[in-house]
Amino acid sequence: QQQVKQSPQSLIVQKGGISIINCAYENTAFDYFPWYQQFPGKGPALLIAIRPDVSEKKEGRFTISFNKSAKQFSLHIMDSQPGDSATYFCAAFAAGNKLTFGGGTRVLVKP
Amino acid sequence: KAGVTQTPRYLIKTRGQQVTLSCSPISGHRSVSWYQQTPGQGLQFLFEYFSETQRNKGNFPGRFSGRQFSNSRSEMNVSTLELGDSALYLCASRTSTGQDTQYFGPGTRLTVL
């Protein structure tokens, strides 16, 4: 059972464009939603995270939007750069439980 | 602070063999989790250890086992290796099971021939 569904699986964006990745979850016990960035040959690195009592969180060019009623959240990468080319994973965590990951989105930023 | 370290980084084994992977968490972190990453299945949770006790377990066969030592270092063992066990095995640490931010190591790339 996939508890966190992530889309799209891959996307290509021009330099300077906006990358948007969407995730949906089912378990209402989830109370922490991190996004991880992974480069080839590296482990995932925490990018930005949000809790359900906040509808939006911005850190630099990265913004998470959260819709609690729809059980959806998304990552926006503004002014995408070639260095942003990586695989992005959304995840969800319930206290006392494990981190559940989405399937991942491979982002390619073309110069 | 040094990050999560994993050894070895690369490993090649043959079917039927067993393998042990090691993980050293960030200093002060007492929780260690293990994940298997494959192109087809993505990131799948194996198990989590805290204070030498297994706290959570994913849906993997009993061939996959782990342990944690008193210094929080953890090992993962896979016995009777199968071709499908070829994957990147990731270790992540956090301060405690109640603290949600996990920090990942670089992983061990296991290839089973």
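Every chain is numbered from 1, with letters handed out A, B, ... down the list of sequences. Only a predicted model underlies this, so the values are computations on that prediction, with no experimental measurement involved.
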query: Taking everything shown except E59(A) itself, do over 12 heavy atoms lie less than 6.0 Å from its CD?
result: yes
- prompt: Passes salt bridge (charged side-chain N to carboxylate O under 4.0 Å, His left out), E48(B) versus R55(B)? Steps please.
  reply: CA-CA 6 Å; E48(B) 177 178 25; R55(B) 292 303 177 98; over 6 Å; no
query: Heavy-atom distance under 4.5 Å to chain A: side chain of R9(B), backbone, both or neither?
result: side chain
task: Please determine which of Y25(A), F93(A), F101(A) meets the ring-ring contact (aromatic ring centres under 6.0 Å, His included) test together with F33(A).
output: Y25(A)
- request: List the steps and the verdict of side-chain hydrogen bond (donor to acceptor under 3.5 Å, both in side chains) for T14(B) and Q17(B).
  value: CA-CA 6 Å; T14(B) 57; Q17(B) 288 187 309; 3.2 Å; yes
field: Portion of Q37(B) that has a non-hydrogen atom of chain A nearer than 4.5 angstrom
entry: side chain
- prompt: What part of L43(B) is in contact with chain A, defined as an atom under 4.5 angstrom from a non-hydrogen atom: side chain, backbone, both or neither?
  reply: both
task: Indicate yes or no: does R61(A) engage D84(A) in a salt bridge with an N to O separation below 4.0 Å.
output: yes
message: If I measure from the heavy atoms of chain A, does Y35(B) come under 4.5 Å with its side chain, its backbone, both, or neither?
response: side chain
query: In terms of heavy-atom proximity below 4.5 Å to chain B, should K42(A) be classed as side chain, backbone, both, or neither?
result: backbone
